[in-house]
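All remarks here apply to the structure that follows.
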Number of protein chains: 2
Amino acid sequence: MSWEKGKHIGNLVEQSTRLIKLRFGNAFSDHGIDITPEQWIVLDCIHELESSSQKDIVEKTYKDAPTISRILAKLIQKKWLIIRPDVDDKRKSIVRLSDKGKAIYNTCNPIAITVRERLWNGLSKDEYATFIHVIDKIFQNLEKES
Amino acid sequence: MSWEKGKHIGNLVEQSTRLIKLRFGNAFSDHGIDITPEQWIVLDCIHELESSSQKDIVEKTYKDAPTISRILAKLIQKKWLIIRPDVDDKRKSIVRLSDKGKAIYNTCNPIAITVRERLWNGLSKDEYATFIHVIDKIFQNLEKES
DNA sequence: AAAATTTAGTTGTCATGACAAATATATTCA
DNA sequence: TGAATATATTTGTCATGACAACTAAATTTT
């Protein structure tokens with residue numbers, strides 16, 4: 001695969017993203033863990049937030065509510081999460097990692113770190129910084145609807 | 001949304017990619033054109049290749065064969081493509097733009113250019129160059145299976 | 001307080017994307 | 001040549017992702 005330089009920036013980023021997700025998924029399954037990249041993102045998010053409503057996860061992951069609802073359903077089905085209604089706001093459901101979920105997190109996190117290292121291999125701090133800046137700027141440029 | 005800097009590079013790129021695809025899709029539908037970002041990628045690819053087998057498109061778009069097969073089916077259904085069997089290799093189907101497909105391409109292309117301009121707004125040539133370099137390097141870092 | 005509006009979450013639909021398996025045709029090897 | 005392989009494409013399954021519509025509960029308005 002060679003890039004179409006100067007054009008098709010969307011495709012370019014899209015293809016790499018697909019590859020990144022694929023490699024995260026490969027790495028997990030190579031270690032015998034049945035978790036998708038998206039499920040990992042959500043699991044990691046819940047680990048960071050400790051205890052969170054679906055809304056919190058929606059905001060943090062930038063995924064939409066239906067997507068989060070369905071990913072959570074799968075994580076709950078796997079018994080990696082504990083869900084309970086919020087006592088103050090009955091619309092909300094609060095979610096946190098179960099012991100099994102924590103164990104999975106602890107197994108997956110080093111694997112994710114390894115993939116990230118591989119991903120950044122041969123790139124400098126400056127390149128990293130510029131990359132983050134550009135991606136962030138692109139995001140801001142597109143964030144508003146019109 | 002604020003980034004988790006220094007971590008979660010995958011999420012970061014993934015979120016921006018999703019937004020990029022969303023904005024391309026928005027832009028097309030705002031102009032009354034019923035085309036998804038992926039269909040646009042494939043249409044544009046076929047426009048560039050002039051006449052191509054599905055394999056050619058698979059290689060150029062880095063999408064997999066089943067995905068291309070299905071996207072082509074939709075584009076054919078919309079009558080934007082003409083498909084014919086390859087005379088030398090009966091396994092292959094050769095695809096090219098119909099007149100209607102060319103018209104759609106000509107309508108979509110300026111829209112895509114506008115989105116790309118918006119996307120890059122406020123970023124310098126150097127930042128662009130570094131970004132391309134980094135994305136390309138990441139792709140290479142992950143390209144090999146293991 | 002009652003009605004209107006907003007918010008949190010769910011469910012349905014359709015389009016990818018990854019992966020496995022199947023089919024048909026080519027090519028290579030013994 | 002005939003068998004084994006390889007290649008091009010299709011089909012099936014499951015997991016997102018975008019979007020619309022819906023339910024239930026909270027908040028705001030009047």
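Chain letters run A, B, ... following the sequence lines, proteins first, then strands; residues in each count from 1. All of these numbers come straight from a predicted model, not from anything done at the bench.
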Correct closest heavy-atom pair for B/Cys108 and B/Trp40 would be CB-CZ3, 3.3 Å

How many Å lie between CG on B/Asp56 and P on D/dA8, as a whole number? 9 Å

DNA chain C: A/Asn26 or A/Leu72, which has the more 5' nearest nucleotide? A/Leu72

Whichever of B/Val87 and A/Leu22 has its nearest DNA chain C nucleotide further upstream toward 5': A/Leu22

How many whole angstroms separate atom NZ of B/Lys63 from atom C1' of D/dT9? 18 Å

So which atom in A/Ala27 and which in A/Ile111 form the shortest heavy-atom distance, rounded to 0.1 Å? CB-CG2, 3.5 Å

For B/Thr67, answer base if it contacts any base atom (sugar-phosphate contacts may also be present), sugar-phosphate if it contacts only those atoms, and nothing otherwise; contact means non-hydrogen atoms under 4.0 Å. base

Heavy-atom pair of closest approach, residues B/Arg96 and B/Ile46: CA-CG2, 3.9 Å

When all nucleic acid strands are considered with a 4.0 Å heavy-atom cut-off, which category describes A/Ile68: base, sugar-phosphate, or nothing? nothing

At the 4.0 Å heavy-atom cut-off to chain A, mark where contacts on DNA chain C begin and end, going 5' to 3'. C/dT7 to C/dC19

Could you state the atom-to-atom distance from CD of B/Gln54 to C1' of D/dT11 in whole Å? 13 Å

May I ask you to check whether over 12 heavy atoms, not counting those of A/Asp30, lie within 6.0 Å of atom CG? yes

Closest heavy-atom pair and its distance - B/Thr61, A/Arg18: O-NH2, 3.6 Å

D/dA25 OP1/OP2 closer than 4.0 Å to side-chain N/O of A/Lys90: no

What's A/Asp64 touching, base or sugar-phosphate or nothing? Going by heavy atoms closer than 4.0 Å. base

With a 4.0 Å cut-off on heavy atoms, is A/Arg70 in touch with a base, just the backbone sugar-phosphate, or nothing at all? base

Assess whether a salt bridge exists between B/Lys60 and B/Glu48, defined as any Lys/Arg side-chain N lying under 4.0 Å from an Asp/Glu carboxylate O. yes

Could you check how far CZ of A/Arg91 sits from P of D/dT27, rounded to whole Å? 6 Å

What's the shortest heavy-atom distance between B/Ile68 and B/Lys63, and which atoms? CD1-CB, 3.9 Å

